[in-house]
Amino acid sequence: MRSHKRNKGIVFGAGILILSVFSSCAGTPAPAASVPKAPEWTLETPAPDATYTYFVGNADGLEGEEAKATDTATANMIGEIMRYIGVTITAESTATAKSTLDEFQADLVQTVKQSSTSRMSGFQISEKFQAKRKGGVTVYLLGRFETKALEAERKRIAAVFQEKLDAVAKPEAEARSLLMDGNAVAAARKFIEAAAAASGSDIENASIKFERNINGAKDAISRIVVEKLNDKLEGKPGTPFAEAFKAVVKIGGEALGGIPVTVSHQSKLASGRMSTKSVNLVSDKDGLVQFVHPNPDFVGKATLTMRLDLSSATEPLYGIPDKYMSMVAGLEDEISSKRVVFEYSVLSGARKIPTMVLIADIDASGKVSVGTSSSALVSALASNGFMVNAAPLAVEEIAAKDDNTIYEKVKVALAGKTERFVYGTTRVLGVKDDKGQKIATVSAEIKVIELSTGRILYAATKQASTVAASEQQAVESARRQLGQKTIGEDLASNLP
């Protein structure tokens, strides 16, 4: 309960003023006293009634400065209202809270000056009183505030003052509760929410609160375990894997359901280059994540990654002050560590398809022969498990011929002997002398055709350079490298 007693010295001063009036008229009949009696509310603030809560402000002023005294009395009365509202601007008060309080006070002042309720609903100055004294005046103001409206304002302002603190404190408290319940990912999300709120606020110790919550998020994530349930799967081009890639998400040995996971796998572009595709999945109630690989469109070894995905949770941390970036990087590293990598192989069915090879070697003078390149390529494919032989054709039947002509010839000549035909040419691009050693550069244009359809399954242009003591040795060495390594391994890995 606020004190309702007023300073009675002012009233006593008014009494002196009355006595001085009578003294100045001594010896003559005294007129009836016209000095108004001070209202009771100037001595004691009225108690709240069923409708209103009352506030009184008073201030002394010099004679002729009633307006200035009124302003001071207004400030004193508003001070009483603010004490009732019960909020105080501190170092933790946000700019929004300060602005809200300033606006509330300004509206009160304008309501007093305008003598209306247009600025502040439910508040008005119900009475004014001036007690004149020798050389000055005391101004009293009685304000009344509808109790319901006053309580609404008090709650509104208190909520604004608490809003920023709650933006950090509430999600942090929720995060700790979730972590105790074993829900690490939900806890991490709440810690990150609290950290984001702290990073952009002017509350006291914002940096400490940011770091505490980032560390809380890291601790929650560190408890998560992602385990592979299978690995080293094998598949064939264009054919589904026999089983899905599987992993389980756990914390403390218990399965975690509803956890977002991103799966990244390799795929071939139309250009023939490899790219990475990503798919978003969620663990089921048993913590299981299963990824059914789309029919692989390449041949060779590859990897598939499953990783914890908290990108939506960390998005509020983008654009935070630079001073926090190192801590955010540490959090992202912790999230990134929650991953597993599967190794798998796509084995070409080409190994079981009868294949024949004929490569024309063209030397610097234009002479065509069959030799090093063909034998090297046959050897490379055979070592990789291919059913391969040299084609029983004259080299002239493919040299300087277009693809259609070659196809029409070999589909008849090789019918019943093979299903695929590897053909092409090698050419000497140049030979350089380097301190007595010869450096030969040889290029190769190779294609693979399917005899049943005429479809070109593979086409590539490669080159190799090697060093030898003589020009002939350097050229032959370059041809062997093309057949055994450059072309041979590429065909073994990519021929469907």
Side-chain angles (χ1 to χ4, degrees), residues 1-6 39-59 67 69-129 139-174 177 190 193-194 196-198 200-206 209:
M1 177 68 71
R2 302 190 316 278
S3 173
H4 301 293
K5 298 296 181 182
R6 291 274 163 257
E40 287 296 322
W41 59 264
T42 62
L43 303 176
E44 184 174 355
T45 301
D49 56 33
T51 305
Y52 296 105
T53 299
Y54 299 90
F55 300 92
V56 174
N58 67 290
T70 299
D71 288 342
T72 305
T74 299
N76 292 338
M77 181 183 61
I78 291 174
E80 288 293 320
I81 297 174
M82 300 315 298
R83 278 189 284 276
Y84 182 90
I85 292 294
V87 294
T88 304
I89 293 177
T90 68
E92 288 199 349
S93 301
T94 66
T96 301
K98 293 173 184 176
S99 174
T100 299
L101 197 62
D102 289 344
E103 183 179 357
F104 178 71
Q105 290 177 294
D107 286 346
L108 288 173
V109 171
Q110 289 302 312
T111 299
V112 173
K113 289 184 176 182
Q114 296 173 8
S115 299
S116 71
T117 59
S118 59
R119 295 283 297 192
M120 177 60 67
S121 176
F123 174 73
Q124 66 178 170
I125 299 300
S126 58
E127 291 188 49
K128 296 181 181 178
F129 178 75
V139 175
Y140 293 87
L141 299 176
L142 175 63
R144 67 182 188 185
F145 219 130
E146 289 183 8
T147 301
K148 288 184 179 180
L150 177 61
E151 285 301 313
E153 289 294 331
R154 185 178 67 81
K155 290 178 181 179
R156 178 182 71 87
I157 294 172
V160 173
F161 269 73
Q162 189 63 30
E163 184 176 1
K164 271 293 183 183
L165 296 177
D166 286 348
V168 177
K170 285 188 175 180
E172 182 176 0
E174 290 178 40
S177 177
K190 284 296 180 179
E193 180 185 335
S201 74
D202 51 3
I203 61 175
E204 189 174 8
N205 298 321
K209 292 173 181 177

Locate the shortest heavy-atom distance separating [X] from [Y]; write the atom from each residue and the value.
| X | Y | answer |
| --- | --- | --- |
| Ala198 | Ala206 | O-CB, 3.5 Å |
| Ala59 | Ala69 | CB-O, 3.4 Å |
| Phe123 | Gly143 | CE1-CA, 4.1 Å |
| Val56 | Trp41 | CG2-O, 3.8 Å |
| Pro171 | Lys190 | O-CB, 3.4 Å |
| Asp49 | Thr51 | OD1-N, 2.8 Å |

Leu108 and Phe55: CA distance, side-chain angles, deciding distance, side-chain contact (heavy atoms from CB on, under 4.5 Å) verdict | CA-CA 12 Å; Leu108 288 173; Phe55 300 92; over 6 Å; no
Would you call Arg83 and Glu80 a salt bridge, using N to O less than 4.0 angstrom?
-> yes
With rounding to the nearest 0.5 Å, note down the distance linking [atom1] in [X] to [atom2] in [Y].
| X | Y | atom1 | atom2 | value |
| --- | --- | --- | --- | --- |
| Glu127 | Tyr54 | CD | OH | 9.5 Å |
| Lys209 | Glu172 | NZ | CD | 8.5 Å |
| Leu141 | Asn76 | CG | CG | 9.5 Å |

Short side-chain to backbone donor-acceptor contact, Ser126 and Leu142, under 3.5 Å =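 Checked: pair present.
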Can you tell if the side chain of Tyr52 reaches within under 4.5 Å of the side chain of Glu146, non-hydrogen atoms only?
-> yes
Does the side-chain contact (heavy atoms from CB on, under 4.5 Å) test come out yes or no for Thr42 and Asn58, once each step is laid out?
-> CA-CA 8 Å; Thr42 62; Asn58 67 290; over 6 Å; no
Only one of Glu151, Glu153, Arg154 forms a side chain to side chain donor-acceptor pair (under 3.5 Å) with Tyr84, so which one is it?
->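 Of all the options given, the one that passes is Glu151.
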